[in-house]
Amino acid sequence: MRALLFAACLALAAPAPAQDALSLVLESAPRALGLAGSAENLASLLAGLTRGAPVRLVAAGPAGFRRVVAFAPPGRLTAEQTVALLQQVARDFDLAGISRATPEQLAAALGASGVRSFLEPDPRRPTPEEQALASLPPDVRGALAGLAPREALRTAELADQQLIALGTPYASSARRSDMVRRLRYGTGYVAASAGDTPFPPLSPLVAAPPPR
């Protein structure tokens, strides 16, 4: 709700075409805010689609940095066309099983040109959760891309619990990232006991072995 109010406040300072599009999007396509990733991203996206301005989308990056994706929009649209386009992109992501698109995926879906990705210093002080997320192996972080830090850390914790339950408490980062992906898409929970291993099934999602 706070993000929606902030986006509405941004509309007050936006030029008329972008303001009209923002008002219409918040009413007709509320999912567009989650699609863009933040109120600032949505404002930049709508200014690009309705005025042809360069689009700048900001996402989380390594500790101390943020990832920026800049591109030229495919063309100028009316507010109604912008809403229809964002609704279609959201449906396409749903069909592809993409729950939280990256800025690069969003740019590609919009048919953008001149897409550039780069890192820039993050003016914010990283939170403890962001620092903990940044300390994970790169491939594990890649599997968690798009999740909020708290949700990402919880998913990584569940993945480690599953691996312990399967008798692999010291799994490689590749195995951990694979389990993270399975959990994100609902196929990672083991349905049986870990069996005869020296490690007990610590995950609450795994049944204990039957008494002998």
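Owing to the predicted nature of the structure, the values given are computational and were not obtained by experimental measurement.
Not one N or O on the side chain of Q88 forms a donor-acceptor pair closer than 3.5 Å with the backbone of L85. Using modelled atom types, no side-chain atom of S117 and backbone atom of V69 make a donor-acceptor pair closer than 3.5 Å. Listed for the S44 side chain is no donor-acceptor partner under 3.5 Å among the backbone atoms of E40. Panel note: side chain E130, backbone T127; a donor-acceptor pair is recorded below 3.5 Å. Judged by distance alone, with hydrogens and angles left aside, the side-chain atoms of R141 form a donor-acceptor pair with the main-chain N or O of L136 at under 3.5 Å. Checking side-chain atoms of D92 against main-chain N and O of A109 turns up no donor-acceptor pair under 3.5 Å. Checked by atom type and distance alone, the side chain of R66 never pairs as donor or acceptor with a backbone atom of A59 at under 3.5 Å. Judged purely by atom type and a 3.5 angstrom limit, S28 has no side-chain atom pairing as donor or acceptor with the backbone of V25.
The distance from atom CD of Q162 to atom OG1 of T168, rounded to the nearest 0.5 Å, is 10.0 Å. Between the CG atom of L49 and the CG atom of L77 there is a distance of 5.5 Å, given to the nearest 0.5 Å. Atom CG of L144 sits about 8.0 Å away from atom CG of L153, to the nearest 0.5 Å. How far CG of L86 is from CZ of R91: 10.5 Å, rounded to the nearest 0.5 Å.
No continuous path of ILVMFWY side-chain contacts below 4.5 Å connects L158 to L133, so the two sit in separate hydrophobic clusters. The hydrophobic cluster containing L57 also contains L35, counting ILVMFWY residues as joined when their side-chain heavy atoms lie under 4.5 angstrom apart, directly or transitively. Criterion: ILVMFWY side-chain heavy atoms under 4.5 Å apart, direct or through other members. Under it, V115 and V58 are not part of a common hydrophobic cluster. Both I98 and L45 are members of a single hydrophobic cluster when ILVMFWY side chains are connected at heavy-atom separations under 4.5 Å.
No more than 12 heavy-atom neighbours from other residues, nucleotides or ligands sit within 6.0 angstrom of CZ on R150.
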key: T50 vs R76, side chain to side chain contact (heavy atoms under 4.5 Å, CB included): CA-CA, chis, key distance, verdict   = CA-CA 5 Å; T50 59; R76 298 180 62 173; over 6 Å; no
request  = Go through F93 and Q105 one step at a time and tell me if the side chain to side chain contact (heavy atoms under 4.5 Å, CB included) criterion holds.
outcome  = CA-CA 9 Å; F93 283 147; Q105 288 174 321; 4.3 Å; yes
task = Begin from the C-alpha positions of M179 and L166 and carry the test side chain to side chain contact (heavy atoms under 4.5 Å, CB included) through to its verdict.
result = CA-CA 11 Å; M179 180 58 76; L166 293 171; 3.9 Å; yes
ask   = After noting the C-alpha distance and the side-chain angles of L163 and Y170, does the key distance pass the side chain to side chain contact (heavy atoms under 4.5 Å, CB included) rule?
value = CA-CA 8 Å; L163 290 168; Y170 306 110; over 6 Å; no
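The two residues L106 and V89 make their nearest non-hydrogen contact at CD1-CG1, 4.0 Å. Closest heavy-atom contact between A159 and R176: CB-O, 4.4 Å. When all heavy atoms are compared, the tightest approach of G97 to Y185 is O-CE2, 3.5 Å. Contact record, R56 with N41: O-OD1, 3.8 Å, taken as the closest heavy-atom pair. Between A132 and S135, the closest heavy-atom pair is O-OG, 2.6 Å. Minimum heavy-atom separation, G48 to P73: O-CG, 3.2 Å.
The pair E157-R154 counts as a salt bridge, with a side-chain nitrogen and a carboxylate oxygen less than 4.0 angstrom apart. Salt-bridge formation is detected for the pair R31/D94: a Lys NZ or Arg NE/NH1/NH2 atom is positioned less than 4.0 Å from an Asp or Glu carboxylate oxygen. Contact check on R116 versus E104 returns no salt bridge, with no Lys/Arg side-chain nitrogen under 4.0 Å from an Asp/Glu carboxylate oxygen.
Looking at V83, T78, T82, L46 one by one, the single match for side chain to side chain contact (heavy atoms under 4.5 Å, CB included) with L24 turns out to be V83.
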